[in-house]
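Below is one structure, written out as structure tokens, with a few remarks after it.
These numbers were taken from a predicted model, which means no experiment stands behind them. For this chain, numbers begin at 1 and follow the sequence in order.
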Amino acid sequence: MATSYSVKGMTCGGCANSVSNAIKAAVPDATVEVDHENDKVTVEGCDDQAAIAKAVQDAGYEFGGAI
């Protein structure tokens, strides 16, 4: 099951790649889709919100929780 999360601070494709790579490093089996224009990240294959939040924050972005 996929879950979408709010991520603030992404302004371009490079930001989206940074967030995607950070989440994939923390949760290697997850499938990650990033929509920087709508401040949204969708993660499938992981329901550990704390791990996703930490990865996003470590990448320098604001994690806003599930949407």
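The minimum heavy-atom distance linking Ala59 with Ala22 is given by the pair CB-CB, 3.8 Å. Of all non-hydrogen atoms in Cys15 and Gly9, the two that sit nearest each other are SG-O, 4.3 Å. When every heavy atom of Lys8 is checked against every heavy atom of Asp39, the shortest pair comes out as NZ-OD2, 3.9 Å. Between Ala16 and Met10, the closest heavy-atom pair is CA-SD, 4.3 Å. Of all heavy-atom pairs between Phe63 and Ile52, the closest is CE1-CG2, 3.9 Å.
Crowding of Glu37 atom CD: a count of heavy atoms from other residues, nucleotides or ligands under 6.0 Å not exceeding 12. The environment of Glu33 atom CD is sparse: at most 12 non-hydrogen atoms of other residues, nucleotides or ligands sit within 6.0 angstrom. Residue Asn21 qualifies as enclosed at atom CG: its count of foreign heavy atoms under 6.0 Å is above 12.
In this structure, Asp58 CG and Ile23 CD1 are separated by 11.5 Å, a value rounded to the nearest 0.5 Å. Thr11 OG1 to Tyr61 OH: the interatomic distance, rounded to the nearest 0.5 Å, is 6.5 Å.
Side-chain contact between Asp48 and Val27 is absent, with no heavy-atom pair separated by less than 4.5 Å.
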Requested in this report: Evaluate the criterion side chain to side chain contact (heavy atoms under 4.5 Å, CB included) for residue pair Thr3 and Val43; output intermediate values, then yes/no.
Outcome: CA-CA 5 Å; Thr3 305; Val43 180; 5.8 Å; no
